[in-house]
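I have placed the structure first, in the form of structure tokens, so that the comments after it can refer back to it.
Everything numeric here is computed off the predicted structure, so don't read it as measured data.
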Protein chains: 2
Amino acid sequence: MSPYDPSAFPPFAVTVDLVVLTVRRHALCALAVRRGEPPFQGRWALPGGFVREDEDLAAAAARELLEETGLCVHDPAAAAFASENGAHIEQLASYGDPKRDPRMRVVSVAHLALAPDLPAPRAGGDANSARWAPVETFLEQGAEQTGPLAFDHAQILADGVERARSKIEYSSLATAFCPPEFTVGELRRVYEAVWGVALDPRNFHRKVTGTPGFLVPTGGTTTRQGGRPAQLFRAGGATLLNPPMLRPEV
Amino acid sequence: MSPYDPSAFPPFAVTVDLVVLTVRRHALCALAVRRGEPPFQGRWALPGGFVREDEDLAAAAARELLEETGLCVHDPAAAAFASENGAHIEQLASYGDPKRDPRMRVVSVAHLALAPDLPAPRAGGDANSARWAPVETFLEQGAEQTGPLAFDHAQILADGVERARSKIEYSSLATAFCPPEFTVGELRRVYEAVWGVALDPRNFHRKVTGTPGFLVPTGGTTTRQGGRPAQLFRAGGATLLNPPMLRPEV
DNA sequence: CCAAAAGTGTTTTAATTACACCCATGC
DNA sequence: GCATGGGTGTAATTAAAACACTTTTGG
């Protein structure tokens, strides 16, 4: 590193972009916002914005998440997450291709947020400017309905989806897609939606209830899914699952 | 995002820092360089430097790696990696605390590089300015001998070590610590050094040779470890190991 | 009663562990 | 010969997959 000299390094803008995922109607969905100005005006993009002068990267991501969705960030340090509208958030990766933004040199630090299905679709903006859609809508050739995402956001989204898919295997992250209290069946449907596979309900039940620290029974039951009443659980303290959940091949 | 206005966002410097790991004398070692100027003058730090005007993040990391170690980056796309001094490199995470550099606002995109034990300790600098040392030397309280690393580099190093330890479980990344041709025993000693455990040589042998695509026999043998001649292997094309290597618990 | 989802038990199958044992070299 | 690491065989343990079956609700 050369001595301090402001002219010795090029200036960058630093942004955070958010891959916000949820499970709705048995599909893994991502949040997109419509761009109101150039470049890519009118196209769908991931929510995001500039990091402020005295703001940490994580703080910037949490602020953008709150502004765009009203979701608070679950602090793993905070004992119990009382907030109903809480989300998990973690850093994903950084994207800094010199040409990724035609205006100037921008490095974006992408973050991944996982949230339960929101009762209200969105706050703070009109329905035309923000939407949830299945991730396939923005990836693959499915972009016919929406057009491709702005900038390199399709790549960022793909990386975020891949991270979510692999991380629920060996961590308790799938519970971040569930409301504070949930049933084993609801948790199973999360895995099925994220992985796009069918899982055996019997074996799944045994596996998750038998993994120490994964699920904590609340004592309550619910019949909101129909059928026999199901026990309600909260997420336990365990963050690493051993043995992991096994993702069936193809 | 607000309309384009250069005064609307604060300027950042963007750097890359490298966690370069290798296995030497049965220990996981990291590369550190001595800082020649303030801040933290004289302290050990991770190698790194500013990202240039028209340079991708990955290109900046590869350039720094080459400058500091003479190592080239193995391109996974390139069919066979012929280069003797090749390393694996991947993005690790970004660090952007507003106070992490006392001079100015700097966001560092850390990268993780894994390299085989180098015949020559280092090129291009004197022995006092760059060194390999076991990672514990820089972490924990072991920093007595070297003093703590500059900036937040102890955290970055810890994150890189953790990434390496977990990633060799389910990927073929451990071969990046080996020379182009290596024996099963040498690969096992890599796992033992990185995890700090002892593995059963018989079961390890069966496991790695039985995992399709992990190892490709070259036909040659060597007795460089003493004892019965051992078959030589190259890394196979498989990047994901299924089933994974199991890291014994404590 | 019937449909639907929850939950338990059992059998089959595969993978991991632990360890006995043999092989091929250098000294 | 004998120490040293390389490599194979095998039995015991453990976990996963497949699936028959019972339970408890709503309509």
For B:Thr183 and B:Ala230, work out which heavy atoms get closest and say how close.
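Reported closest heavy-atom pair: CG2-CB, 3.8 Å.
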So which heavy atom on A:Ala193 is nearest to which on A:Val23, and how close?
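Smallest interatomic distance, heavy atoms only, reads CB-CG1, 3.7 Å.
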Whole-Å distance between [N] [atom2] and [X] [atom1]?
{"X": "B:Gln231", "N": "D:dG5", "atom1": "CD", "atom2": "C1'", "result": "14 Å"}
{"X": "A:Leu199", "N": "D:dC19", "atom1": "CG", "atom2": "P", "result": "15 Å"}
{"X": "A:Phe233", "N": "C:dA6", "atom1": "CZ", "atom2": "C1'", "result": "11 Å"}

Under a 4.0 Å heavy-atom criterion, the protein footprint on nucleotides 19-24 of chain C, written with B, S and -, is BBB-BB
Which residues pass the side-chain contact (heavy atoms from CB on, under 4.5 Å) test with [X], not counting sequence neighbours?
{"X": "B:Ala154", "result": "none"}
{"X": "A:Ala174", "result": "A:Ile168, A:Leu187, A:Val190, A:Tyr191"}
{"X": "A:Asn242", "result": "B:Glu249"}
{"X": "A:Ala133", "result": "A:Arg131, A:Thr137, A:Phe138"}

Main-chain N/O of [Y] paired with [X] side-chain donor or acceptor, under 3.5 Å:
{"X": "A:Arg165", "Y": "A:Val194", "value": "yes"}
{"X": "B:His111", "Y": "B:Ala61", "value": "no"}
{"X": "B:Thr221", "Y": "B:Gln231", "value": "no"}
{"X": "B:Arg163", "Y": "B:Leu92", "value": "yes"}

Expected output is a numbered-order residue list: members of residues 208-222 of chain B with a heavy atom under 4.0 Å from any atom of DNA chain C. What is it?
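Output list: empty, so none.
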Does any residue of residues 183-192 of chain A have a heavy atom under 4.0 Å from DNA chain C, and if so, which ones, in number order?
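Output list: A:Gly185, A:Arg188, A:Arg189.
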Non-neighbouring partners of B:His88 that pass side-chain hydrogen bond (donor to acceptor under 3.5 Å, both in side chains), sequence neighbours left out
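B:His88 satisfies side-chain hydrogen bond (donor to acceptor under 3.5 Å, both in side chains) with B:Glu90 once adjacent residues are dropped.
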Set of residues satisfying ring pair (Phe, Tyr, Trp, His ring centres under 6.0 Å) with respect to A:Tyr170, sequence neighbours excluded
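So A:Tyr170 forms no ring pair (Phe, Tyr, Trp, His ring centres under 6.0 Å) with any residue.
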Taking C-beta and beyond as the side chain, do B:Ser94 and A:Leu57 meet within less than 4.5 Å on heavy atoms?
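Side chain of B:Ser94 against side chain of A:Leu57, heavy atoms only: contact under 4.5 Å found.
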Pair listing, side chain to side chain donor-acceptor pair (under 3.5 Å) test, anchored in residues 207-218 of chain A, at least two apart
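Those involving residues 207-218 of chain A do not exist here.
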Enumerate the residues from residues 169-177 of chain A whose closest heavy atom to DNA chain D is under 4.0 Å, giving them by residue number; use none for an empty result.
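Listed by number, there are none.
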If we count only N and O atoms by modelled type, under 3.5 Å, do the side chains of B:Tyr95 and B:Asp159 hold a donor and an acceptor together?
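Note: B:Tyr95 and B:Asp159 side chains meet the donor-acceptor criterion.
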Tabulated below should be each protein N or O lying under 3.5 Å from an N or O of nucleotides 14-16 of chain D; please produce it.
unit_1, atom_1, unit_2, atom_2, d
D:dA16, OP1, A:Lys207, NZ, 2.5

Presence of B:His205 side-chain N/O under 4.0 Å of D:dG7 phosphate oxygens OP1/OP2
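True: B:His205 side-chain N/O within range (under 4.0 Å) of D:dG7 OP1/OP2.
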